[in-house]
Enquirer: 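Before I ask anything, let me first share the structure, which is written out below as structure tokens.
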Amino acid sequence: MTNVTLTFPDGAERSVAKGTTGLDVAKSISPSLAKRTVAMQLDGVLTDLADPIQSDATINFVSRTDPAALELIRHDAAHVMAEAVQALWPGTQVTIGPVIDNGFYYDFAKAEPFLPEDIAKIEKKMAEIIAKNQPFTKEVWSRDKAKDTFAKMGEGFKVELVDAIPEGQDLKIYRQGTWFDLCRGPHMTSTGAIGKAFKLMKFAGAYWRGDSTRPQLQRIYGTAWATEDELKAYLHQLEEAEKRDHRKLGREMDLFHFQEEAPGSVFWHPKGWTLFQTLIAYMRRAQQRAGYMEVNSPDMMEKHFWELSGHWENYGENMFTTTLPDERVFCCKPMNCPGHVQIYKHGLKSYRDLPLKIAEFGKVHRYEPSGALHGMLRVRHFTQDDAHIFITENQIMEECLKINDLMLAIYKDFGFEDIHIKLSTRPEKRVGADELWDKAEKALGDVLDEVKRRSNGRIRTELQPGEGAFYGPKLEYTLKDAIGREWQCGTTQVDFNLAGRLGAFYIDENSDKKTPVMIHRAMFGSLERFTGILIENFAGHFPLWLAPLQVVVATITSEADPYAHEVVNALKAAGLRVEPDLRNEKIGYKVREHSLAKVPVILAVGLRDAESRNVSIRRLGSQEQTVLSLPDAIATLKDESTPPDLRG
RNA sequence: GCCGGCUUAGCACAGUGGUAGUGCACCUGAUUUGUAAUCAGGGGGUCGCAGGUUCAAAUCCUGCAGCCGGCACCA
């Protein structure tokens with residue numbers, strides 16, 4: 001009999017007969033090890049403990065509290081949930097049930113919808129199944145047997161899954177008691193290892209195979225952890241995330257509102273608009289330094305123009321249109337690019353004019369599907385920090401790298417340093433010849449490689465095939481916020497099509513007409529969306545330069561009113577956004593109210609301060625009070641409120 | 001767009017067929033106050049919209065809209 005060599009995490013080696021199972025190995029070391037081991041890793045790959053070991057490998061026994069076991073706990077929980085659902089509602093078909101971040105889900109085909117109270121029923125049934133502690137056992141079936149069995153059970157979706165498994169690949173069946181499921185595994189040794197730290201979170205509709213033309217299934221999301229403390233911590237984290245919700249904070253901080261008559265459209269209140277304008281002013285400075293020229297193009301243009309640009313055909317169903325009294329049809333612009341091409345076309349352009357950078361804080365209008373709307377993160381009317389750079393083909397790399405550097409510098413000013421870039425390639429619905437797409441995708445791919453190289457691998461990259469814009473491939477910049485969520489913001493798109501379609505050209509060195517390449521780029525992306533992201537990232541506690549209201553001067557007694565006015569005026573003169581609070585209330589009341597409104601700085605002034613010409617500074621999130629002279633306070637606050645790009 | 005849920009005062013919520021409530025906010029008065037809620041009084045709602053059932057509808061039924069959670073979509 002042949003032997004294989006197993007290497008343990010501590011470096012020890014052991015020779016065992018080929019085909020020995022992990023469980024045998026564990027048992028031979030100690031019964032208690034075998035008892036607490038739920039799976040193993042062979043050369044780092046999670047595997048069923050009962051699998052025979054066929055070759056030399058490093059081996060690591062996984063207990064249920066091992067981080068590596070977490071995905072098994074979740075996957076096993078998904079199976080147990082499926083069994084529970086089928087036990088409670090016979091005739092329900094099972095489909096797929098993968099592990100996801102923080103949990104798992106399973107999609108079911110069931111005629112009647114799940115009801116809110118069903119969550120508790122399913123959880124109870126799951127607990128019973130887990131308490132039975134039934135072993136998970138694996139079988140390998142033939143394709144025919146699998147299809148036959150599932151067909152007889154009325155599990156049509158499973159039959160389709162069997163058909164989708166490539167020839168030559170094992171069809172694995174995992175059993176727990178009498179229930180079994182087609183599954184690639186691995187699983188833990190038994191259902192009992194799942195433990196008690198699981199919870200079903202919500203129901204949702206989900207299309208079979210993610211395809212909206214196919215049947216809609218009922219999905220149940222769950223979360224599962226090794227310990228109840230971890231479950232509790234996760235639920236707490238969800239609550240904390242909820243407190244940051246920009247829709248809630250937007251209302252509480254009086255930044256904006258939405259209403260029924262304008263779904264997906266923001267009503268900006270004075271404070272929210274101040275924040276918005278602060279962002280625009282920042283970006284305007286950044287773009288001016290980078291050589292962009294700001295323009296403004298019409299919000300509506302005639303339909304035939306959008307037919308020419310390709311938008312009507314490729315994007316028409318998302319465009320707002322209006323028929324005028326003279327019966328001409330106009331479209332609200334869903335993008336700024338065609339308008340910018342018109343501005344480019346005014347006056348003959350030479351190769352010497354390139355790169356030509358045209359920027360606009362343009363408000364675009366997109367008829368988003370109703371179900372997609374989500375606060376300010378997904379709206380129907382939004383402002384882009386949009387720009388189009390007209391270049392020659394051999395300027396692509398240089399210009400894209402400049403954009404990249406600008407993008408990263410800007411994100412850094414807002415505290416976002418963990419960036420992730422995705423390359424999206426040609427979609428099915430597109431304009432332009434494949435050779436142009438080849439060139440454009442190659443160019444952006446090269447840019448991405450160079451960006452990655454320069455970041456010393458700090459920037460993660462990813463390929464998203466088929467996700468590009470209809471006129472060109474994209475680099476999509478995703479940033480990670482304070483609590484680890486990722487948001488897609490910036491985009492750089494290389495376009496060999498649109499300029500040509502709209503008849504834009506330049507005169508090259510040989511007096512020939514050439515079509516420029518266009519780079520479409522946005523850095524915040526949508527100002528509305530970016531504002532929402534900032535609210536959630538800072539949980540409303542904006543750094544001073546962004547805070548809509550920076551300082552409140554609160555009086556302790558009305559005798560200090562004249563001095564408070566003086567302080568307010570001095571701060572205003574220094575360029576700070578400040579309001580007095582002279583109300584006939586106790587200082588504790590005022591502090592509480594302005595703290596809840598997330599005003600970064602409260603200056604309390606009483607008689608004492610008026611006489612000494614001091615102010616008492618209290619900062620949001622701190623109980624501490626610092627007494628400063630008025631000139632010192634102004635200097636400090638003025639310095640702190642300077643936008644990051646204007647600091648010396 | 002699809003599946004499910006929700007919609008009652010400015011906000012958060014209670015109210016399962018019989019006179020629409022609570023807290024905060026708001027207004028008035030008193031209080032002049034030193035760092036997260038001073039006290040007392042008062043006003044405020046076609047119960048999302050439109051139909052229907054009923055002697056009677058916030059409550060039951062139908063349709064629509066918006067919102068929420070997902071899915072699809074995010075050019």
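To find a chain, count down the sequence lines: A is the first, B the second, and so on, and within it residues start at 1.
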Enquirer: Base, sugar-phosphate alone, or nothing: which one does A:A204 contact when heavy atoms must sit under 4.0 Å apart?
Expert: base

Enquirer: Describe the nucleic acid contact of A:Y207 in one word from base, sugar-phosphate, nothing, applying a heavy-atom distance below 4.0 Å.
Expert: base

Enquirer: Among A:Y105, A:F114, A:F108, A:Y221, which residue satisfies the ring pair (Phe, Tyr, Trp, His ring centres under 6.0 Å) criterion with A:F203?
Expert: A:F114

Enquirer: Under 4.0 Å between a side-chain nitrogen and a carboxylate oxygen: does that hold for A:R583 and A:E593?
Expert: yes

Enquirer: Among B:rC74, B:rG4, B:rC68, which is the nearest nucleotide to the side chain of A:R378?
Expert: B:rC74

Enquirer: Output yes when A:E117 and A:K121 qualify as a salt bridge under the 4.0 Å nitrogen-oxygen rule, no when they do not.
Expert: no

Enquirer: Toward the 5' end of RNA chain B, which comes first, A:T557 or A:E368, by nearest nucleotide?
Expert: A:T557

Enquirer: Taking for each residue the nucleotide of RNA chain B bearing the nearest heavy atom, is the 5' side occupied by A:G210 or by A:P369?
Expert: A:P369

Enquirer: May I ask you to evaluate whether A:H374 reaches the phosphate of B:rC74, defined as a side-chain N or O under 4.0 Å from OP1 or OP2?
Expert: no

Enquirer: Considering only heavy atoms, which members of residues 212-222 of chain A lie under 4.0 Å from some atom of RNA chain B?
Expert: A:S212, A:Q216, A:R219, A:Y221

Enquirer: Kindly say if A:R209 contacts the phosphate of B:rC71, meaning a side-chain N or O under 4.0 Å from OP1 or OP2.
Expert: no

Enquirer: Give a yes or no on whether the backbone of A:V553 and the side-chain of A:D581 come within a donor-acceptor separation of less than 3.5 Å.
Expert: no

Enquirer: Between A:R583 and B:rC27, is there a side-chain N or O to OP1/OP2 distance below 4.0 Å?
Expert: no

Enquirer: Which part of the nucleic acid does A:P113 contact within heavy-atom distance under 4.0 Å: base, sugar-phosphate only, or nothing?
Expert: sugar-phosphate

Enquirer: Check whether any side-chain nitrogen or oxygen of A:R380 sits under 4.0 Å from OP1 or OP2 of B:rC74, and answer yes or no.
Expert: no

Enquirer: Pairs under 3.5 angstrom, nitrogen or oxygen only, protein versus nucleotides 34-37 of chain B, please.
Expert:
residue : atom : partner : partner atom : Å
B:rG34  : O6   : A:L607  : N            : 3.3
B:rG34  : O6   : A:R608  : N            : 2.8
B:rG34  : N1   : A:D609  : OD2          : 2.8
B:rG34  : N2   : A:D609  : OD1          : 3.4
B:rG34  : N2   : A:D609  : OD2          : 2.9
B:rU35  : O3'  : A:R618  : NH1          : 3.4
B:rU35  : O2'  : A:R618  : NH1          : 2.4
B:rU35  : O2'  : A:Q625  : NE2          : 3.0
B:rU35  : O4   : A:S616  : OG           : 2.3
B:rA36  : OP2  : A:R618  : NH1          : 3.2
B:rA36  : OP2  : A:Q623  : OE1          : 3.1
B:rA36  : O4'  : A:R592  : N            : 3.3
B:rA36  : N7   : A:R618  : NH2          : 3.2
B:rA37  : N7   : A:R592  : NE           : 3.4
B:rA37  : N7   : A:R592  : NH1          : 3.3
B:rA37  : N7   : A:R592  : NH2          : 3.3
B:rA37  : N6   : A:R592  : NH2          : 2.6
B:rA37  : N1   : A:R592  : NH2          : 3.3

